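Single-structure report; data block below.
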There are 2 protein chains.
Amino acid sequence: MPSPIVRKIAQIIEVSPRTVERALNGELKDTRPTIVARNARIKQLAREMGYRPNAAARAVATGRFGCIALVVMPEQELLPARMLRRLCTGLHERLDSELKVTMLTDETFERAEVNVPKVLAELSVDGLLVSPGTALHERAVDLVEANDLPVVWINVQGVHDCVYPDEIEISQRVARDMLAAGCTRLAFAALEQSPSKHFSRQNRWDGFAGVAAEAGVACRVESVAIPFVEQLPQADDPRLRHWLDVLARPDRPDGVLCYGVSAAGAVLQAAATLGLELGRDLRVASFCTNRPHAIMGPMQVCEVPFAEMADAAVAMMAAKLERGGHAESCAVRYHDYGFWG
Amino acid sequence: MPSPIVRKIAQIIEVSPRTVERALNGELKDTRPTIVARNARIKQLAREMGYRPNAAARAVATGRFGCIALVVMPEQELLPARMLRRLCTGLHERLDSELKVTMLTDETFERAEVNVPKVLAELSVDGLLVSPGTALHERAVDLVEANDLPVVWINVQGVHDCVYPDEIEISQRVARDMLAAGCTRLAFAALEQSPSKHFSRQNRWDGFAGVAAEAGVACRVESVAIPFVEQLPQADDPRLRHWLDVLARPDRPDGVLCYGVSAAGAVLQAAATLGLELGRDLRVASFCTNRPHAIMGPMQVCEVPFAEMADAAVAMMAAKLERGGHAESCAVRYHDYGFWG
DNA sequence: CTGAAAGCGCTTACAG
DNA sequence: CTGAAAGCGCTTACAG
């Protein structure tokens, strides 16, 4: 049975409810003025009476939900607003779909069958975008794959159905730029904790060190172990101490690529403290998740291309929804923006 | 008609489909071993056959969607992951609901009736959480209120249905701390562009300057005009130049509260350049949206309590869903964490 | 184009 | 507890 509002409109206009629905859906292509006017009247009435089509009812009838889920992990800070933004608009434009955000918590993993999020336990979306951040829990993979919905993995490196940044290419670019600028002792600044499990850690090093090796230039890792703290960096931060030490050596590096801004902050501050002039004595480049708004110092910043990854993920989802099966993974290129102070 | 899987299970167990559904929903409280075993078998079969209840069908039947929308604006970077996290878990736990994220784009505002997002144009959620960031577009208010769903405004200051941080109280606290530490010339560091329209701009100044005035201590605004750039701060950043100038004066401030980390970065860097010792010559405090991971220098950081706002928003939504009508607005207290280098 | 019917999968309400 | 029926609001498919 049609909704009360639709029935009331039907009564007023003196047509069947089905005709009202057709007019509302724009299914009527009759161009005769009478019909066109009637349809306009129907739409007008619907607006006045506050009619809104029930998306759930349509989903039941069509079997499509018009909704895609974004599955994320709780630890991660890796949910940049610009990615969310592009996912929203991309899904809207390309798939006429909305975005549901779900989180896999620790509880989800612990109590097996009990705490599965509704998106995975019920039928309510047409596909899954999974953005596990830096820590891809094994149980998460199982949970997602237990579902038979189309899946696209974001920022995960795999043979198919993955969208990830081309970390190697950008790292090579940075290394070449440093060499071209005359650097002779390269270093890769990293932290030892969690992100080390993420492919970006290895890829960034491989690309950077690979170019150095080819050129016969020294390159080493400077990795500081600090407990992974959710708290602010401290005044006697171990990262800062480490870099004060490294940059004081006679054979100090003159070109440093930092895994993230956390390491970069330490390098820059140490350099400033030691009176090194950036751009001359030392060149610094850093990856970052979000563009830093605060002044950090003259360095080159490589922003992880989350917006472009979102676009690629939507495109891949569209292809899978249409054709089914697996999709070829997609490495998204960094568009770095130079910034040599 | 029940779903094919349910019917098949019913056939196997030799009961009616309705009984299968009851078992699956845990509606059966009969403790007789035979029944208990049968129900377990039903659940087992459902699992094996990959049965998942159709959320849309349930929504049609019950009139509840089990979903809340988060409406955000595109310009904003104000969608901290921790807020999203708490919204997800809070809605799940307190309302057994999920979260749909929608964005109001410029197109939404321009072409009136055409580009209304589906969440607002259709029936698909039980309520609206609106987080407009720093720029509350007037059309956005209209669009949201045209809907008759329960609404909660996040980070908006209004008489009812709003959840926002208590900017005045925290600013007063900072001012008192600075005075207690012996500061005699206070300054509020701000930028002139967009956030100035947000209530936080006025409130932070009012709280800070109010305490200074009461104590008879000088307090002024140092507001730098820079074009609102989506690009990185530059080497000869106007903010930096301004603060180099301000801190070089003989009557330079010795206690500075910064509107955000963008301003704070300039203050800290200028202080370092001029050889001022933080904590002795100069005390700096700053608001921030996201906890900075990079070392910025010894200062006090007031992190906008987005997680707590999310909790309050969920609680308010729960209340409105239950009781209807308006809810009293809720000012969320900052829990600052001192950090004096 | 129009209308009456059946169907989507689930829940509510009512007999047995 | 169990089952048959009706209903939620929309779409698909089929006559007129």
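Source: prediction; values computed, not measured. Just so we're on the same page: letters track the sequence lines, and every chain starts at 1.
Proximity of A/I13 to A/T19: side-chain heavy atoms (C-beta onward) are nowhere separated by under 4.5 Å.
Closest approach of B/A310 to B/R86, counting heavy atoms only: CB-CB, 3.6 Å. Closest approach of A/R52 and B/L120 over heavy atoms only: NH1-O, 2.6 Å. Taking both residues in full, the closest heavy atoms of A/P2 and A/E21 are given as CB-OE2, 4.0 Å, listed atom of the first, atom of the second, then distance. In plain terms, the two heavy atoms of B/N54 and B/A56 that are nearest each other are OD1-N, 2.8 Å.
Looking at heavy-atom distances under 4.0 Å, A/R64 makes no contact with the nucleic acid at all.
Side chain of B/S329 to backbone of B/V159: a donor-acceptor contact under 3.5 angstrom is found. A/R94 contributes no side-chain N or O that, together with a main-chain N or O of A/A315, makes up a donor-acceptor pair within less than 3.5 Å.
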**Request:** Let me have DNA chain D in dot-bracket notation, would you? Count Watson-Crick plus G-U wobble pairs, both distances under 3.5 Å, and use [ ] for pairs crossing earlier ones and | for inter-strand partners.
**Result:** |||.||||||||.|||
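In this structure, A/S16 does not reach the C/dT2 phosphate: none of its side-chain N or O atoms is under 4.0 Å from OP1 or OP2.
Here D/dT2 presents its C1' atom at 15 Å from CD1 of B/I13, a figure rounded to the nearest Å. Nucleotide D/dG3 holds its P atom 14 Å from the CD atom of B/Q11, rounded to whole Å.
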**Request:** Give the intermediate values and the outcome of salt bridge (charged side-chain N to carboxylate O under 4.0 Å, His left out) for residues A/E98 and B/K118.
**Result:** CA-CA 8 Å; A/E98 306 190 293; B/K118 295 174 73 176; 5.5 Å; no
Pairs under 3.5 Å (N/O, protein and nucleotides 9-12 of chain D):
| unit_1 | atom_1 | unit_2 | atom_2 | d |
| --- | --- | --- | --- | --- |
| D/dG9 | N7 | A/M1 | N | 3.1 |
| D/dG9 | N7 | A/M1 | O | 3.0 |
| D/dG9 | N2 | A/A57 | O | 3.3 |
| D/dC10 | OP1 | A/Y51 | OH | 2.5 |
| D/dC10 | OP1 | A/N54 | N | 3.0 |
| D/dC10 | OP2 | A/Y51 | OH | 3.4 |
| D/dC10 | N4 | A/M1 | N | 3.4 |
| D/dT11 | OP2 | A/N25 | ND2 | 3.0 |
| D/dT12 | O4 | A/R18 | NE | 3.2 |

